[in-house]
Every structure is written in C-alpha cells, then in structure tokens.
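Encoded as structure tokens, the structure appears first; notes follow it.
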Amino acid sequence: MSKTPEPRPSLNRQILALAVPAFGALIAEPLLVLADSAIVGHLGSLQLAGLTLGSTVAHTVVGLMIFLAYSTTPAVARAFGAGDASGAYRAARNGLWVALGLGVLIAAGLAVGARGVLTALGAQGDVLTYGLAYLLPSLVGLPGMLLVLAATGALRGFQDTKTPLYVATGGAAVNVVLSWVLVYPVGLGVAGSAIATAAVQWGMALVLSARVVVGVRTYAVGFAPDGPGLAAVFKVGSWLMLRAVSMRIALLATVFVVTAQGPANLAAYQLTLSFFNLLAFALDALAIAAQALLGKEMGAQNLATPAGKGAVVQLKNRLVRWSLGFGLLTALICPALGFGLAWIFTPDPEVQRLFALSLLVLGVGQPLAAYVFILDGVLIGAADVRYLGTAALCTLAVYTPVLVGLHLWFVGQDAGAQVQLATLAYLLLWCAYALWYMGARALTLWWRAHSGVWIR
C-alpha cells in the first residue's frame, strides 16, 4: 500500500521556518562582539578602544564579503528547486573555494598593512598597540569567517536556516567562555579575545562546511573547483560588492555630516543607528527567506510559461505583504520606544530628546525600509545582481548632493545659529536617509520588480 505524501507546508509557514532561524543567526554575531567588548572593557578604556578599532577593520572586511552568502544562496536554491542536487553541491563547493581563497589573500594583505590601516583610523600610542594586538590574531580567523558566510549561504539555498542558527548560537556561547579564559586566567589580554574569536570562527566554518562536504561526496561531484563555476561566483559577487560598497559609503557620508553638527547630535545618531540596525536584522531575515524561496521557486518552475512566471510573482507578492506588515508594526514601536524609554539609553536630556525625535522619523520610514529590504532579497534570489549594483550606485549619486547641501548649509551658519538650528539639521539628516535615500532605493527596486524582466 502506497504511503500518502505529506502535505506541503503553507507558504506562510515556509517563510517563518526560514526567517525566524535566520534572524537568530544574524543577531548571534553582534552578541558575540558585545561579549568581547564587555570582557575586554574590564581591562581598561585603552584596551577597549584598541579592540574597537581592530574589530572595526575586521568586521568591515566581513561586511564587504557578505556577497559570499548572497551569491551562493540563489545559485544553490535554483539548482535545488530544479531537482539538480549535483548542481546545487557544485555551486556550494565553488562558493567555499572562493571564500577560502579570498580569506587567505585578504588576511595576508591586512597582516602586512595592519599598522598603516589602524594609524589611518587615528590610532596611536597604546591604542595602536592594543589595536594591533587584537587585529593581527583575528586575521587568522578571517578565512574561517568567510567560509562561514559561503557555507551559510549554501545551506540557505538548501532551505536550511536552522543549522546556521545552531552553529552561530553555539559559537557565540563558546566564544564567551574561551575569551574570558584567555583574557584573564591565561593572561593574554586583548590578544586573548582575538584568538578566542578566531578559533570559534574556524570551528563554525568546519561544522558548516562539513554539511557541504557530505553532499559533495554523496553526489560524487568532486572537490576540485571548476573554472566556470568560480567565474560565476566572482561575476555575481562583483555586482553585490558594488552594492555593498555604495550602501556603506552612504552611511559613512551620513556620519561625516552628523559629526559636524556637534556631540549631542552624534550621540543621538549612534543610538538611533544602533536601533535601526537591530530592526534591519529582522528585515534582513525576511530578505534571506526571500532569497532562498525565490531561488528554489524559479528553479522548480518553467519560467518560459505564463503559469511559471505567475507562480514566482505570487511568491514575490506574498513576501512583500509580509514585509510591509512587519514594517507597519515596527513603525508603531519606534516612536513608543523613543518617547517612552529613551532614558534607558542615555541620561542626557538633550540626547534623549533628539533620539526620540529621530525615532519618530525612523518610524515613518519603516514601511519604506521594509519594502526595500524584501525587494533586495527577491532580486538577489533571482540573481538580478547587475541591476542591484547599478541601482545602488545611482541611489548613492542621488543621495550625495542632499548630504552636501545639508552640510554646507549648517557649517555656513555662525556659532549661535548652529546652536539654534542643530535640532532641525539633525531631523533633516534623518529625513534625508530614512525617507529620501530609502525612497530612491524603493523606487528603483519597485520599477524592476514590477517590470518582470528579472524572471528569467
């Protein structure tokens, strides 16, 4: 008697099954960084300052290499959706090779230029010494961390976000214990924290990569990389790199403008940006679900037929509705947190006031941000990366003149006028980022998503 096949989970449950574990994995590493900061912070402010600069360099590199996950996910997901397990594992294997190669090259380059990089960031004296003490050992773990990115992207393509969650959570827990042991009982200080993190990164890399290795053996696709496969990863990655660099420049330019507005504005900006980044993790979790589900659906459907294209569009529309619903929810949370709980984050009344006002602006822009994040995920899942890279550069070009105008207007005032206009300048800056910049991104993504040319 034939066994009745199990019913396929509803689309909403599939989205949740991917997004919730992805969110947990995303916040695990920031918690790891917070733990390192807390442990080293008890050594002294100079040690913490050195760790801050050293970790900033390392995490900037990792942030720019995020394309290793974003390029692997759709490639694996499309082959997986088409029932081509061998092709899926070949794509995963190639992603791991690219990650390992880039990790070794970048780590070697940074090891040679570490002192110059930290000095350019303003480090000197003891801060430079502690910065080098953290950065140099941490470079040993850089190839491992890039392998984590590529392996995580591959597992997402296989519709598995739980394994990266378990590994990230376990790694964060081990890192806390190991870091404390190396920093204090062993007495390695700042370097102990870096060594612990590097060891954990390699441990995570080995565990996640093992899943890919098993599949490579099972389907006998071979461990050696193939030239066309590596070229495909680099081709996709170059456009995603352009996208990432453009977005990072937009943030750095915003920081430059707010810094000129005074310490109170800068402090409030840092608090607001930290909260924005927390919300971004949740939005990114939905975007990751979009990458995995879209890639799989496009592999499973015959995109040459109206029915196949219709199924992909239906999935895209469902994901957009999910994201907009979340955006509306966070839009209500932002002002409530800003006006009710600002005192938790700072005792300064002026910073509290600015923080509350900026969260009000941020709340207004949350549905827009949610729309941007989900369509980013949709188009990454469809491997429409050339457009994403070009669009990111164009929106940066649209945003930059607004920043320049705001900066010149404010610094052109006399000291007394600057005091009077500081709040207005701060709110205009957040309007520029949360509404103008995000609005420009939303417009470019809306046009592309509704054109249908990305379904191919």
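- The distance from the OH atom of Tyr371 to the OG atom of Ser323 is 10.0 Å, given to the nearest 0.5 Å.
- Residues Leu286 and Leu319 are not in side-chain contact: their nearest non-hydrogen atoms beyond the backbone lie 4.5 Å or more apart.
- A donor-acceptor pair under 3.5 Å is formed between the side chain of Ser238 and the backbone N or O of Lys235.
- Counting heavy atoms from C-beta outward, Leu64 and Met241 have side chains that approach closer than 4.5 Å.
- The main-chain N or O of Gly222 is found under 3.5 Å from a side-chain atom of Arg93 such that the two form a donor-acceptor pair.
- Here Arg90 does not pair with Asp226 in a salt bridge; the nearest charged N to carboxylate O distance is not below 4.0 Å.
- Annotation: side chain of Arg217 is not in contact with side chain of Tyr89 (no heavy-atom distance under 4.5 Å).
- Between the Thr330 side chain and the Gly327 main chain, a donor and an acceptor come within less than 3.5 Å of each other.
- Remark: Tyr184 OH is packed, more than 12 non-hydrogen atoms of other residues, nucleotides or ligands lying under 6.0 Å away.
- A donor-acceptor pair is defined here as one N or O able to donate and one able to accept, closer than 3.5 Å; such a pair exists between the side chain of Trp97 and the backbone of Phe223.
- Heavy-atom neighbours of Arg321 CZ from other residues, nucleotides or ligands within 6.0 Å: above the threshold of 12.
- You'll find the side chain of Leu147 reaches within 4.5 Å of the side chain of Trp202, heavy atoms only.
- Taking both residues in full, the closest heavy atoms of Ala150 and Gly95 are given as CB-O, 3.5 Å, listed atom of the first, atom of the second, then distance.
- Not one N or O on the side chain of Thr169 forms a donor-acceptor pair closer than 3.5 Å with the backbone of Tyr166.
- Side-chain atoms of Thr73 do not come within 3.5 Å of backbone N or O of Ala292 as any donor-acceptor pair.
- Contact detail for Ser209 and Leu96: the closest heavy-atom pair is OG-CD2, 4.0 Å.
- The closest donor-acceptor contact from the side chain of Trp454 to the backbone of Ala449 lies under 3.5 Å.
- Of the charged side-chain nitrogens involved, at least one lies within less than 4.0 Å of a carboxylate oxygen, so that Arg456 and Asp384 count as a salt-bridged pair.
- By the 30° and 60° cut-offs, the orientation of the rings of Tyr433 relative to Tyr399 is perpendicular.
- For the ring pair (Phe, Tyr, Trp, His ring centres under 6.0 Å) test, no residue two or more places apart in sequence or in another chain qualifies with Tyr134.
- Put simply, the side chain of Thr197 gets close to the backbone of Ser193: a donor and an acceptor are under 3.5 Å apart.
- Put simply, the side chain of Leu149 reaches to within 4.5 Å of the side chain of Leu146, judged on heavy atoms.
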**Message:** Using side-chain contact (heavy atoms from CB on, under 4.5 Å), reason through Leu18 and Gln14 one step at a time and then give a plain yes or no.
**Reply:** CA-CA 6 Å; Leu18 289 171; Gln14 291 180 63; 5.6 Å; no
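- At least one side-chain heavy atom of Ile106 sits under 4.5 Å from a side-chain heavy atom of Met65.
- Here the closest heavy-atom approach between residue Val398 and residue Ala440 is recorded as CG1-CB, 4.4 Å.
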**Asked** side-chain contact (heavy atoms from CB on, under 4.5 Å) between Val257 and Thr254: does it pass, once the steps are laid out?
**Response** CA-CA 5 Å; Val257 174; Thr254 306; 5.8 Å; no
**Check against side-chain contact (heavy atoms from CB on, under 4.5 Å), Thr163 and Leu208** = CA-CA 8 Å; Thr163 300; Leu208 290 171; 4.0 Å; yes
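- Closest approach of Lys309 and Leu303 over heavy atoms only: CE-O, 3.1 Å.
- Annotation: side chain of Arg243 is not in contact with side chain of Val385 (no heavy-atom distance under 4.5 Å).
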Per-pair distances, 0.1 Å, donor-acceptor, side chain in residues 19-27, under 3.5 Å, sequence neighbours excluded:
none

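- Between Leu337 atom CG and Leu279 atom CG the span is 9.0 Å, to the nearest 0.5 Å.
- Two rings, from Phe276 and Tyr269, have their centers 6.0 Å or more apart.
- Using a distance-only test at 3.5 Å, with no hydrogens or angles considered, a donor-acceptor pair links the side chain of Gln159 to the main chain of Gly157.
- The nearest pair of heavy atoms linking Leu178 to Ala199 is CD2-CB, 4.2 Å.
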**Message:** Before you tell me yes or no, could you show the steps for Leu388 and Trp239 under side-chain contact (heavy atoms from CB on, under 4.5 Å), namely the whole-Å CA-CA distance, both residues' side-chain angles and the distance that decides it to 0.1 Å?
**Reply:** CA-CA 7 Å; Leu388 284 172; Trp239 290 109; over 6 Å; no
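- Residues Phe326 and Ile374 form no side-chain contact, since every pair of their non-hydrogen atoms from C-beta on lies 4.5 Å or further apart.
- Across all their heavy atoms, Val200 and Gly171 have their closest contact at CG1-O, 3.3 Å.
- By the 6.0 Å contact criterion, CZ on Arg248 is enclosed, its count of non-hydrogen atoms from other residues, nucleotides or ligands being greater than 12.
- Formation of a donor-acceptor pair under 3.5 Å by the Trp322 side chain with backbone atoms of Leu16 is not found in this model.
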